[in-house]
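Here is the structure we will look at.
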Amino acid sequence: MNPPTHPVNAAPHPDRPPALPRATAAAATGAVLACAAAWFFSWVERQDEQACATTDGLCWTWWDWAAVPLTLTVALITLMVVYKRLDITPRLAVVMPTVLLAPLPLAAADTAAGWWAAALVGAAWAGSLALAAWDRHRIPALTASAALLLASLVALYR
(Lines give C-alpha, C1' and ligand atoms only; values in the text may rest on other atoms or scores of the structure.)
Protein backbone atom coordinates (compact mmCIF):
# COMPACT_ATOMS: atom_id res chain seq x y z
CA MET A 1 0.00 0.00 0.00
CA ASN A 2 1.35 3.39 -1.00
CA PRO A 3 1.47 6.18 1.61
CA PRO A 4 -0.52 9.32 0.80
CA THR A 5 1.42 12.02 -1.02
CA HIS A 6 0.37 14.69 1.49
CA PRO A 7 -0.05 13.42 5.04
CA VAL A 8 -2.76 15.08 7.12
CA ASN A 9 -0.31 17.06 9.28
CA ALA A 10 1.92 18.18 6.43
CA ALA A 11 2.11 21.84 5.49
CA PRO A 12 0.04 22.66 2.39
CA HIS A 13 3.05 24.37 0.84
CA PRO A 14 6.23 22.78 2.20
CA ASP A 15 8.43 25.31 0.38
CA ARG A 16 6.78 28.30 2.17
CA PRO A 17 7.57 29.07 5.80
CA PRO A 18 4.71 28.83 8.31
CA ALA A 19 2.35 31.73 8.96
CA LEU A 20 3.00 32.39 12.64
CA PRO A 21 6.64 33.61 12.36
CA ARG A 22 5.66 35.95 9.53
CA ALA A 23 2.64 37.27 11.43
CA THR A 24 4.90 37.81 14.46
CA ALA A 25 7.31 39.83 12.32
CA ALA A 26 4.35 41.84 11.01
CA ALA A 27 3.26 42.42 14.62
CA ALA A 28 6.73 43.67 15.52
CA THR A 29 6.57 46.04 12.56
CA GLY A 30 3.17 47.25 13.73
CA ALA A 31 4.55 47.92 17.22
CA VAL A 32 7.48 49.90 15.83
CA LEU A 33 5.20 51.92 13.55
CA ALA A 34 2.78 52.62 16.42
CA CYS A 35 5.62 53.86 18.66
CA ALA A 36 6.98 55.99 15.84
CA ALA A 37 3.55 57.49 15.14
CA ALA A 38 2.93 58.25 18.83
CA TRP A 39 6.33 59.91 19.12
CA PHE A 40 5.84 61.88 15.89
CA PHE A 41 2.41 63.18 16.90
CA SER A 42 3.69 64.25 20.31
CA TRP A 43 6.60 66.01 18.58
CA VAL A 44 4.14 67.80 16.25
CA GLU A 45 2.10 68.87 19.27
CA ARG A 46 5.20 70.32 20.96
CA GLN A 47 6.13 72.15 17.74
CA ASP A 48 2.62 73.60 17.55
CA GLU A 49 2.76 74.79 21.14
CA GLN A 50 6.03 76.59 20.45
CA ALA A 51 4.93 78.09 17.14
CA CYS A 52 1.50 79.17 18.40
CA ALA A 53 2.56 80.39 21.85
CA THR A 54 2.26 84.05 20.86
CA THR A 55 -0.97 83.69 18.85
CA ASP A 56 -4.29 84.39 20.55
CA GLY A 57 -6.52 83.03 17.75
CA LEU A 58 -6.46 79.94 15.63
CA CYS A 59 -3.03 78.76 14.64
CA TRP A 60 -2.06 76.07 12.16
CA THR A 61 1.42 75.06 11.20
CA TRP A 62 2.67 73.10 8.24
CA TRP A 63 3.02 70.07 10.52
CA ASP A 64 -0.67 70.19 11.40
CA TRP A 65 -1.58 69.69 7.77
CA ALA A 66 1.15 67.18 6.95
CA ALA A 67 1.23 64.96 10.04
CA VAL A 68 -1.55 62.51 9.18
CA PRO A 69 -0.81 62.10 5.44
CA LEU A 70 2.90 61.79 6.17
CA THR A 71 2.32 59.15 8.84
CA LEU A 72 -0.05 57.14 6.65
CA THR A 73 2.36 57.29 3.70
CA VAL A 74 5.33 56.14 5.76
CA ALA A 75 3.28 53.33 7.31
CA LEU A 76 1.97 52.22 3.91
CA ILE A 77 5.42 52.12 2.31
CA THR A 78 6.98 50.42 5.34
CA LEU A 79 4.32 47.72 5.50
CA MET A 80 4.47 47.09 1.75
CA VAL A 81 8.25 46.60 1.91
CA VAL A 82 8.15 44.44 5.04
CA TYR A 83 5.26 42.31 3.81
CA LYS A 84 7.03 41.78 0.50
CA ARG A 85 10.13 40.56 2.38
CA LEU A 86 7.95 38.30 4.55
CA ASP A 87 6.06 36.99 1.51
CA ILE A 88 2.67 37.97 2.93
CA THR A 89 0.22 38.05 0.05
CA PRO A 90 -2.05 39.62 -1.10
CA ARG A 91 -0.29 42.71 0.21
CA LEU A 92 -2.87 45.30 -0.81
CA ALA A 93 -5.70 43.33 0.77
CA VAL A 94 -3.78 43.19 4.06
CA VAL A 95 -1.96 46.52 4.15
CA MET A 96 -4.83 48.85 3.28
CA PRO A 97 -7.11 47.92 6.21
CA THR A 98 -4.06 47.83 8.47
CA VAL A 99 -3.11 51.40 7.59
CA LEU A 100 -6.53 52.97 7.09
CA LEU A 101 -8.25 51.56 10.18
CA ALA A 102 -5.21 51.60 12.50
CA PRO A 103 -5.74 55.17 13.78
CA LEU A 104 -8.86 54.07 15.70
CA PRO A 105 -7.30 51.38 17.93
CA LEU A 106 -4.03 53.30 18.21
CA ALA A 107 -5.78 56.50 19.29
CA ALA A 108 -7.90 54.62 21.82
CA ALA A 109 -4.86 52.88 23.31
CA ASP A 110 -2.77 56.05 23.36
CA THR A 111 -5.58 58.01 25.00
CA ALA A 112 -6.27 55.33 27.60
CA ALA A 113 -2.76 54.29 28.62
CA GLY A 114 -0.05 56.00 26.58
CA TRP A 115 2.54 55.01 24.01
CA TRP A 116 3.23 51.52 25.39
CA ALA A 117 -0.43 50.55 25.02
CA ALA A 118 -0.39 51.97 21.49
CA ALA A 119 2.64 49.78 20.74
CA LEU A 120 0.87 46.66 22.05
CA VAL A 121 -2.32 47.44 20.15
CA GLY A 122 -0.30 48.23 17.01
CA ALA A 123 1.37 44.83 17.29
CA ALA A 124 -1.93 43.04 17.83
CA TRP A 125 -3.60 44.94 15.01
CA ALA A 126 -0.86 44.39 12.41
CA GLY A 127 -0.28 40.78 13.47
CA SER A 128 -3.93 39.78 13.36
CA LEU A 129 -4.53 41.38 9.97
CA ALA A 130 -1.36 39.83 8.57
CA LEU A 131 -2.45 36.44 9.89
CA ALA A 132 -5.73 36.88 7.99
CA ALA A 133 -3.79 36.42 4.74
CA TRP A 134 -3.80 32.65 5.35
CA ASP A 135 -7.06 30.74 4.80
CA ARG A 136 -6.51 28.56 7.83
CA HIS A 137 -6.22 31.54 10.20
CA ARG A 138 -8.57 33.98 8.48
CA ILE A 139 -11.66 33.71 10.71
CA PRO A 140 -9.85 33.90 14.09
CA ALA A 141 -7.59 36.70 12.81
CA LEU A 142 -10.47 38.77 11.46
CA THR A 143 -12.42 38.12 14.67
CA ALA A 144 -9.50 39.43 16.72
CA SER A 145 -9.21 42.47 14.46
CA ALA A 146 -12.93 43.18 14.71
CA ALA A 147 -12.80 42.82 18.50
CA LEU A 148 -9.90 45.28 18.65
CA LEU A 149 -11.76 47.72 16.43
CA LEU A 150 -14.97 47.42 18.45
CA ALA A 151 -13.14 47.81 21.76
CA SER A 152 -11.36 50.89 20.45
CA LEU A 153 -14.64 52.46 19.30
CA VAL A 154 -16.16 51.80 22.72
CA ALA A 155 -13.09 53.31 24.42
CA LEU A 156 -13.11 56.38 22.19
CA TYR A 157 -16.83 57.11 22.23
CA ARG A 158 -18.04 56.02 25.67
Side-chain angles (χ1 to χ4, degrees), residues 18-53 55-158:
L20 194 56
R22 292 189 277 174
T24 304
T29 303
V32 169
L33 286 172
C35 283
W39 176 83
F40 179 65
F41 284 123
S42 69
W43 180 82
V44 167
E45 189 174 324
R46 285 191 307 273
Q47 291 294 105
D48 287 346
E49 288 173 2
Q50 288 177 351
C52 298
T55 306
D56 291 334
L58 293 174
C59 178
W60 285 289
T61 64
W62 181 85
W63 288 109
D64 290 328
W65 296 100
V68 172
L70 187 62
T71 303
L72 291 177
T73 302
V74 167
L76 180 66
I77 292 169
T78 302
L79 287 176
M80 291 298 279
V81 168
V82 168
Y83 286 12
K84 181 176 174 73
R85 300 275 305 175
L86 293 173
D87 195 29
I88 296 175
T89 55
R91 278 184 288 286
L92 283 178
V94 175
V95 170
M96 294 312 283
T98 304
V99 171
L100 295 178
L101 294 175
L104 293 172
L106 294 180
D110 190 40
T111 301
W115 66 269
W116 62 271
L120 290 175
V121 168
W125 181 255
S128 62
L129 282 174
L131 199 56
W134 287 271
D135 289 336
R136 181 178 184 184
H137 305 290
R138 186 161 293 143
I139 291 175
L142 290 177
T143 303
S145 299
L148 269 171
L149 189 60
L150 181 63
S152 67
L153 289 173
V154 167
L156 284 173
Y157 299 109
R158 62 181 151 104

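Computed over heavy atoms, backbone and side chain alike; hydrogens, waters and symmetry mates excluded.
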Checklist line | Closest approach of Ile88 to Ala26 (non-hydrogen atoms, all atoms of both residues) | finding: CD1-CB, 4.2 Å

Item checked: Closest heavy-atom pair and its distance - Ala27, Ala126 -> CA-CB, 4.4 Å

Notebook entry, point to check: If every non-hydrogen atom of Cys59 is compared with every non-hydrogen atom of Asp64, which pair is closest and at what distance?
Noted result: O-OD2, 3.9 Å

Checklist line | Euclidean distance, Trp60 CH2 relative to Thr55 OG1, rounded to 0.5 Å | finding: 11.5 Å

Please report, to 0.1 Å, the donor-acceptor pairs under 3.5 Å made by any side chain of residues 42-53, with sequence neighbours excluded.
residue, atom, partner, partner atom, Å
Ser42, OG, Ala38, O, 3.4
Ser42, OG, Trp39, O, 2.8
Asp48, OD1, Thr61, OG1, 2.6

Notebook entry, point to check: How would you list, by chain and number, every residue that makes a salt bridge (charged side-chain N to carboxylate O under 4.0 Å, His left out) with Asp135, sequence neighbours excluded?
Noted result: Arg138

Notebook entry, point to check: For Ala34 and Ala119, which heavy atoms make the closest approach, and how far apart are they?
Noted result: CB-CA, 4.0 Å

Notebook entry, point to check: When the aromatic ring centroids of Phe40 and Trp63 are compared, is their separation below 6.0 Å?
Noted result: yes

Under 3.5 Å, which donor-acceptor pairs do the side chains of residues 68-85 form with other protein atoms, sequence neighbours left out?
residue, atom, partner, partner atom, Å
Thr71, OG1, Ala67, O, 2.7
Thr73, OG1, Pro69, O, 2.7
Thr78, OG1, Val74, O, 2.7

Checklist line | Closest approach of Leu92 to Pro97 (non-hydrogen atoms, all atoms of both residues) | finding: O-CD, 4.2 Å

Next item on the list: Measure the OG-CG distance between Ser145 and Leu150 for me, rounded to the nearest 0.5 Å.
Entry: 12.5 Å

Notebook entry, point to check: What distance do Leu101 atom CG and Leu148 atom CG have between them, rounded to the nearest 0.5 Å?
Noted result: 11.5 Å

Notebook entry, point to check: Say you draw a straight line from OG of Ser152 to CG of Leu104; how long is it, rounded to the nearest 0.5 Å?
Noted result: 5.5 Å

Checklist line | Residues Trp125, Leu106; criterion side-chain contact (heavy atoms from CB on, under 4.5 Å); working and verdict | finding: CA-CA 9 Å; Trp125 181 255; Leu106 294 180; 6.0 Å; no

